[in-house]
Amino acid sequence: MDTADRPGRKRPWFRRRRFLAAALPLAAPLGVWLATSLWLATPWGRSWVAGKISSRLGLETRLGGVSLTPWGGLHVKGLTLEQPPPLKAEVAEPLLSIASARAWPVWKAWLHRRWEVSSVELESPRAVIPLQLALHFSRLAPPPPPVVAVNKPMEPTSPVVSLPLGQTPVIPLFTIPVPSPLAAPSTTPPVLKVTLAPPPDPVAPSCFVPTCWISIRGGSVAIVSAGNPIPLLEAAGIQTSVPAAGGPADSSLQVSTLGSLGTICNAPIQIPLRWQAPVLYWGPTPGHSIAGISARFGGKIGLVPGLPILAEGEIPAQSDLKWNAPGLGQMEVHHLRAAGRFTGYLATASSWQGDLQAEAADIRLSTPAQPVIGFDRAALTAFQRGGVVTCPDARLVGDTLSFLGNATAIPDGRFAGVLRIVAEPSIASGITARFQHGGRRMAFAQLGTPDRLAADVQWIANTSGSAIQLGAQGDTVPPGEVFRLLKDHSPSSP
């Protein structure tokens with residue numbers, strides 16, 4: 001009798017079937033992973049992932065590489081989110097670029113189609129955020145108001161005074177309502193009060209819940225205005241591990257450099273962070289000094305649908321400040337204070353509400369090419385409601401030179417602002433010469449007295465572009481060129 005047929009002995013085919021039955025459940029995930037990895041390595045796989053991100057965010061997306069392994073998690077290289085189409089032509093850098101992003105999935109949750117991760121690492125992320133970005137993400141934009149003329153504060157009374165350069169063809173512009181409370185108020189309105197309350201002490205959870213961390217190394221953020229190549233505000237050298245899920249945790253965020261309009265401040269800043277689900281708190285800071293200015297700020301954001309956020313900041317009253325203003329010279333301020341607040345749902349621009357108030361007194365500006373110019377006071381008031389940003393009053397008032405302005409931005413992409421420059425003839429000549437060096441004409445007109453000239457500089461924009469007109473009879477130029485001329489050229493004479 002053959003041994004295979006003896007009673008009590010299992011047949012080979014039965015043993016093979018039992019082995020295959022046990023091996024197939026183990027081999028299936030491996031096969032799926034191999035197939036997924038090979039597919040993600042192809043251009044079609046990368047394009048599919050980029051398309052999913054693009055359809056979710058409404059932004060053009062590019063990927064350099066994608067991989068998924070049990071030991072290395074999900075790894076994305078060369079992720080780029082382009083600026084929205086209306087802004088792409090005016091903002092050189094993409095909205096977001098990340099050299100490397102890695103996430104470690106919670107595989108048990110993924111098997112149940114819950115896309116949880118235990119940690120995320122971002123290498124060299126850079127965000128370039130235009131002020132006009134809210135126009136793209138606005139969900140409930142109000143209907144546009146009727147088109148009317150910009151409300152100017154006053155009209156010149158005598159012929160235009162300008163340099164005999166060739167007139168640049170004026171770009172056809174539209175106008176939108178701009179509040180014009182440019183008459184000097186009797187008193188300066190009180191500065192907005194803010195309360196920087198510390199976050200609550202973390203409460204120990206009833207059971208241990210691991211914290212999810214988002215680590216950032218070598219990050220940077222820049223706030224820009226479309227058409228202006230110089231960042232309005234830039235933070236670089238960002239290092240942090242942000243708690244974003246799970247049990248309570250504390251951390252901090254370090255910023256190595258801050259910059260504004262070309263001025264770099266190498267003053268490391270450390271911001272305390274605290275996570276207590278579902279809210280992430282930051283600050284309040286102990287009072288950092290940025291370019292010699294002491295500032296405090298803090299806030300919180302809820303990681304729930306809509307992303308509710310509250311941010312507050314203040315510059316307490318302080319005296320005798322001094323710093324360099326790019327393209328202008330050295331500025332001294334005897335008194336300064338400011339405060340601001342922002343609140344709303346971050347994912348819905350129409351819910352945003354913001355307030356900003358600032359005031360300064362006894363300001364002196366000096367450059368090598370002209371004597372010291374003094375200003376008695378300065379004030380700024382701005383607010384945002386329902387997606388509309390309004391600056392009803394911005395002023396810098398002195399005996400020989402004054403700036404008076406206002407502006408409005410509407411969520412459908414339109415913006416209009418007017419800045420009246422009132423100056424003595426010698427100072428107006430210096431300002432005109434600055435633009436003459438760049439081949440542009442700045443037009444001043446006389447007021448009621450011969451010792452004062454005025455120019456109304458208008459900045460108007462829509463989704464097709466923007467332009468600045470340098471006085472009623474002056475040239476119309478792109479905003480980026482105006483900022484470049486102000487930075488690169490100095491007045492030739494007082």
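One-based numbering along the sequence shown.
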**Message:** Please determine whether side-chain contact (heavy atoms from CB on, under 4.5 Å) holds for the pair Val418 and Val457, giving the CA-CA distance in whole Å, both sets of side-chain angles, and the decisive distance to 0.1 Å.
**Reply:** CA-CA 6 Å; Val418 56; Val457 178; over 6 Å; no

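- With sequence neighbours excluded, the residues that form a salt bridge (charged side-chain N to carboxylate O under 4.0 Å, His left out) with Glu123 are Arg217.
- Ile363 is not listed as a side-chain neighbour of Leu365, based on a closest heavy-atom distance of 4.5 Å or more.
- Between Lys322 and Asp320, no side-chain nitrogen of the basic residue sits less than 4.0 Å from a carboxylate oxygen of the acidic one, so the salt-bridge criterion is not met.
- Side-chain atoms of Cys391 and Phe383, non-hydrogen and from C-beta on, never get closer than 4.5 Å to each other.
- When side chains are defined from C-beta on, Trp352 does not count as touching Ile309, because their heavy atoms never get closer than 4.5 Å.
- Scanning all heavy atoms of the two residues, the minimum distance from Ser251 to Trp213 falls at CB-CZ3, 3.8 Å.
- Using a 4.0 Å cut-off between charged nitrogen and carboxylate oxygen, Glu312 and Arg296 do not count as a salt-bridge pair.
- Across all their heavy atoms, Phe415 and Ala409 have their closest contact at CD1-CB, 3.8 Å.
- Remark: side-chain polar atoms of Ser351 are paired, donor with acceptor, to backbone N or O of Tyr345 under 3.5 angstrom.
- Counting only heavy atoms from C-beta outward, the side chains of Thr476 and Gln469 approach each other to under 4.5 Å.
- Taking all atoms of both residues into account, the shortest heavy-atom contact from Pro392 to Asn406 is O-CB, 3.6 Å.
- The closest donor-acceptor contact from the side chain of Gln357 to the backbone of Gly340 lies at 3.5 Å or more, if one exists at all.
- The structure places CD of Gln276 at 11.0 Å from NZ of Lys300, a figure rounded to the nearest 0.5 Å.
- Between Gly438 and Glu481 the shortest heavy-atom distance is O-OE2, 4.4 Å.
- Considering only heavy atoms from C-beta on, Val128 stays 4.5 Å or farther from Leu95 through its side chain.
- The number of heavy atoms from other shown groups lying within 6.0 Å of CZ (Phe403) is above 12.
- Leu63 places a side-chain heavy atom less than 4.5 Å from the side chain of Val76.
- For the residue pair Leu59 and Pro84, the shortest heavy atom distance occurs at CD2-CG, 3.8 Å.
- Separating the CG atom in Leu303 from the CG atom in Leu346 is a distance of 10.5 Å, to the nearest 0.5 Å.
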Pairs under 3.5 angstrom only: tabulate donor-acceptor contacts from the side chains of residues 232-249 to other protein residues two or more places apart or in another chain.
residue	atom	partner	partner atom	Å
Glu234	OE2	Arg126	NH1	3.1
Glu234	OE2	Arg126	NH2	3.1
Thr240	OG1	Ser252	O	2.9
Ser241	OG	Ser215	OG	3.2

**Trace of the side-chain contact (heavy atoms from CB on, under 4.5 Å) decision for Val389 with Ile410** = CA-CA 7 Å; Val389 180; Ile410 297 178; over 6 Å; no

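- The shortest distance between side-chain heavy atoms of Leu96 and Ile129 does not fall below 4.5 Å.
- Taken to the nearest 0.5 Å, the CZ atom of Arg62 stands 4.5 Å off from the OG1 atom of Thr80.
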**Message:** One pair to check against side-chain contact (heavy atoms from CB on, under 4.5 Å): Gln83 and Val91. What are the steps and the verdict?
**Reply:** CA-CA 7 Å; Gln83 298 285 352; Val91 181; 3.6 Å; yes

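- A side-chain donor-acceptor contact under 3.5 Å links Arg385 to the backbone of Gly354.
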**Full working for side-chain contact (heavy atoms from CB on, under 4.5 Å) between Gln353 and Gln384** = CA-CA 5 Å; Gln353 295 188 17; Gln384 182 181 32; over 6 Å; no

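- Under the 3.5 Å distance criterion, the side-chain polar atoms of Ser55 are matched with a main-chain donor or acceptor of Gly51.
- Considering every non-hydrogen atom in both Ile468 and Trp459, the closest pair reads CG1-CG, 3.6 Å.
- Contact check for Val304 versus Pro278: side-chain heavy atoms found under the 4.5 Å cut-off.
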